[in-house]
Participant: 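Supplied in structure tokens, the structure appears directly below.
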Amino acid sequence: MTARPTAHELIAKHRPTLDQALEAIRTRAYWSPHPEHPKAYGEHGSLDAGAGKAAFDALLGTRLDLDQPGTDDWVGGEVSPYGIELGVSYPHADLDVLLPAMRAGQAAWRDAGAETRATVCLEILKRISDRTHEFAHAVMHTSGQAFMMAFQAGGPHAQDRGLEAVAYAYAEQTRTPETAEWSKPQGKRDPLRLTKSFTPVPRGIALMIGCNTFPTWNGYPGLFASLATGNAVLVKPHPRAVLPLALTVQVAREVLAEAGFDPDLVALAAERPGEGIAKTLATRPEIRIIDYTGSTAFGDWLEANARQAQVYTEKAGVNTVIVESTDDYQGMLANLAFSLSLYSGQMCTTPQNLLIPREGISTDAGHKSFDEVTADLARAVDGLLGDDARANALLGAIVNPDVKARLEAAADLGEVALASREIANPDFPDAVVRTPVIVKLDAAKPDDEAACLGECFGPVSFAVAVDSVTDAVDLLRRTIREQGAMTVGAHTIDPEVARAIEEVCLEEPAQLSLNLTGGVYVNQTAAFSDFHGSGGNPAANAALTDGAYVANRFRVVEVRKEA
């Protein structure tokens, strides 16, 4: 039998990784301890591709017993966007039993200190990393991501974001010393002397409400930020994407128990079909922190109604790219085509509106009219996705019927520059795979302006004709202010135009990418270096990950004593 790791052993094992993460968030340089390539796994206890697939297959049709208190039923019903019924059932919780049990372990977890909490979290992440191949299949068959994206975004990139949150949590908790000797001179009298202690204390139980499209990537930052700051965490997955987060809870409970802590510090709240427990949970007095990724409507509801909790939301926005000029026309087209196509546009960072002056743009290939730019972009997307095997690897599957309905309705909004087409997936005949649609709009027309100002999540993009670059900048400002944006892009070789766009993004806080023409895309961010969202516009009230994202998950309690 393998010996259970003590807290001191976990510190010795993971402190070097924590130190590297702290250095990475300080320098913003590239770093990751989690390999991106599938062939890197299979040694030192990690599952290789075959073992990971077998582990996933063994889960199908089973009951995932987490040994949680208060289980009163078993629920499930996930169907893969690729057409497979997962058949996994999960514990349904009696909240009046589960929530008090979760609170019971918080005192010991609080008293363990920031370093122990951080290294226990790193052990959880290490064991998840060892099962990356298994998790990749779980993410693929709940989100509809193609396997390689599910492997990378759902595996190492998600693990990086979780580790990043732990590093920020540790940094903020250790900003204040544990103890201080305080002495105030009193002239001829003896000085006043006090011994002071400062203890980070958790807010309470954190609720992490998972999303359908990126259950681990969007879920891990909040989960690990709350756990590392001493809070118990209740994980409420999206009903269509339970398995990746249920496996995460399983691993976390195992590690906590082995390290001598209460496994009920992390628990799962799966729901019956149509039960809708998120609102019930979000307003319970025990819930003091909420992390949410999803629709604007429910995010706004949480911010307005979960008054007892600190609420962190990533909602929706309208991402814009201004195309004014370029010195690498083909590179720009290729970069935009990939950005529009990746995961069928089902990313909160995918560009929606491409603002292009109606008189055209200057390029290294000569002047290009609005129609030429739009037609060339359509050809670039067609070329990228012309081979069905490559298209399946990039697009994945449409995650739910709502996305498919928006895609089909988009063609009625304007002139179609690129029609969406259906692609067969030979490995999964029931998968719904569609290429992106590009629709031409005119910002001078009220109906068209209204269309581009509304979010159309999925593989839908609008090529929007504007009268001038000044009008484009003005429309960008209005879009960020009214609708929010997770990302902004721009292509320009004019320093004054670049500065004007940058000024908008500074005033209406939004993350900006300028002149991307290579292998970095506007809809991708790197943990430890890039901030995901700004927290400063309606798309999200938080950024992954900065100090503000973790600092209000705990408070510092001071105890003063006479020296």
Side-chain angles (χ1 to χ4, degrees), residues 38 41-42 46-94 98 127-151 153-155 158 210-216 219 234-254 263 266-277 392 396-401 425-433:
Y41 296 81
S46 64
L47 300 181
D48 63 13
K53 178 63 163 59
F56 169 76
D57 288 341
L59 291 167
L60 302 180
T62 65
R63 175 176 286 185
L64 194 67
D65 191 350
L66 301 175
D67 195 26
Q68 294 184 174
T71 298
D72 60 13
D73 196 3
W74 293 89
V75 297
E78 291 158 292
V79 177
S80 167
Y82 290 96
I84 298 171
E85 289 191 17
L86 301 190
V88 184
S89 56
Y90 309 95
H92 181 277
D94 180 340
L98 180 60
R127 296 197 193 180
I128 291 171
S129 177
D130 287 344
R131 296 168 62 179
T132 291
H133 275 282
E134 177 187 359
F135 272 75
H137 287 284
V139 171
M140 173 183 175
H141 284 291
T142 51
S143 71
Q145 295 175 28
F147 177 77
M148 186 54 72
M149 184 175 188
F151 182 92
C211 69
N212 194 175
T213 48
F214 288 88
T216 55
L234 182 59
V235 176
K236 206 297 288 183
H238 191 283
R240 294 193 186 99
V242 183
L243 184 57
L245 292 178
L247 293 175
T248 302
V249 170
Q250 183 184 58
V251 174
R253 291 177 64 84
E254 290 172 355
V266 179
L268 185 76
E271 58 189 311
R272 300 184 183 96
E275 186 178 7
I277 62 172
N392 276 305
I398 298 297
V399 69
N400 62 52
N425 187 319
D427 296 322
F428 302 101
D430 294 328
V432 178
V433 184

Participant: Which pairs count as side-chain hydrogen bond (donor to acceptor under 3.5 Å, both in side chains) when at least one residue sits in residues 71-82, sequence neighbours excluded?
Facilitator: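 Found Asp72-His92, Asp73-Arg272, Glu78-Tyr90, Ser80-His141.
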Participant: Shortest non-hydrogen contact from Gln145 to Ala153?
Facilitator: OE1-CB, 4.2 Å
Participant: Could you check whether any side-chain N or O of Asn212 sits under 3.5 Å from a backbone N or O of Thr142, counting only pairs where one atom can act as donor and the other as acceptor?
Facilitator: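 Side chain of Asn212 to backbone of Thr142, a donor-acceptor pair under 3.5 Å: yes, one is there.
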Participant: List in chain and number order the residues that pass side-chain contact (heavy atoms from CB on, under 4.5 Å) with Ala267, two or more places apart in sequence or in another chain; answer none if no residue qualifies.
Facilitator: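 Only Gln68, Leu98, Met102, Leu234, Arg253 meet the side-chain contact (heavy atoms from CB on, under 4.5 Å) criterion with Ala267.
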Participant: Give me each pair satisfying salt bridge (Lys or Arg N to Asp or Glu O under 4.0 Å) with a member in residues 134-150, each pair once, sequence neighbours excluded.
Facilitator: Arg131-Glu134
Participant: So, taking the atom named CG in Leu247 and the one named CD1 in Ile128, what distance separates them when rounded to the nearest 0.5 Å?
Facilitator: 9.0 Å
Participant: Can you tell me how far CG of Asn392 sits from CZ of Phe147, rounded to the nearest 0.5 angstrom?
Facilitator: 15.0 Å
Participant: For the residue pair Ser143 and Pro215, what are the closest heavy atoms and their distance?
Facilitator: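 So the minimum-distance heavy-atom pair works out to CB-CD, 4.4 Å.
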Participant: For Asp130, what residues pass the side-chain contact (heavy atoms from CB on, under 4.5 Å) criterion, not counting sequence neighbours?
Facilitator: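 Per chain and number, Asp130 pairs via side-chain contact (heavy atoms from CB on, under 4.5 Å) with Ser46, Lys126.
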Participant: Tell me, do Phe428 and Val433 make a side-chain contact under 4.5 Å, heavy atoms counted?
Facilitator: no
Participant: Say you draw a straight line from CD of Gln250 to CG of Leu243; how long is it, rounded to the nearest 0.5 Å?
Facilitator: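 Answer rounded to 0.5 Å: 9.5 Å.
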Participant: Ala270 and Val75: which non-hydrogen atoms are nearest, and at how many Å?
Facilitator: CB-CG2, 3.7 Å
Participant: Go through the structure and list residues passing side-chain contact (heavy atoms from CB on, under 4.5 Å) with Ala54, not counting sequence neighbours.
Facilitator: none
Participant: List for me each residue that meets side chain to side chain donor-acceptor pair (under 3.5 Å) alongside Thr213, sequence neighbours excluded, and say none if there are none.
Facilitator: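 By the side chain to side chain donor-acceptor pair (under 3.5 Å) rule, Thr213 matches no residue at all.
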Participant: Measure across Gly210 and Leu245 and return the closest heavy-atom pair with its distance rounded to 0.1 Å.
Facilitator: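 Looking at all heavy atoms of both residues, the shortest contact is CA-CD1, 4.1 Å.
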Participant: Quick check: closest heavy atoms across Thr216 and Gly154, and the distance to 0.1 Å?
Facilitator: OG1-O, 2.9 Å
Participant: Only counting residues at least two apart or in another chain, list the ones meeting side chain to side chain donor-acceptor pair (under 3.5 Å) with Thr248.
Facilitator: Tyr220
Participant: Should the ring pair His137 and Phe56 be called parallel, tilted or perpendicular, given that the plane angle runs from 0 to 90° and is split at 30 and 60?
Facilitator: parallel
Participant: List in chain and number order the residues that pass side-chain contact (heavy atoms from CB on, under 4.5 Å) with Glu271, two or more places apart in sequence or in another chain; answer none if no residue qualifies.
Facilitator: Lys236, Pro239, Glu275, Ile277
Participant: Looking at side-chain heavy atoms only, is the closest gap between Val432 and Pro81 below 4.5 Å?
Facilitator: no
Participant: Which heavy-atom pair separates Pro237 from Ala269 by the least distance, and what is that distance?
Facilitator: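 Taking every non-hydrogen atom into account, CD-O, 3.5 Å.
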Participant: Going by salt bridge (Lys or Arg N to Asp or Glu O under 4.0 Å), name the pairs with one or both residues in residues 54-70, residues two or more places apart or in two chains.
Facilitator: Lys53-Asp57
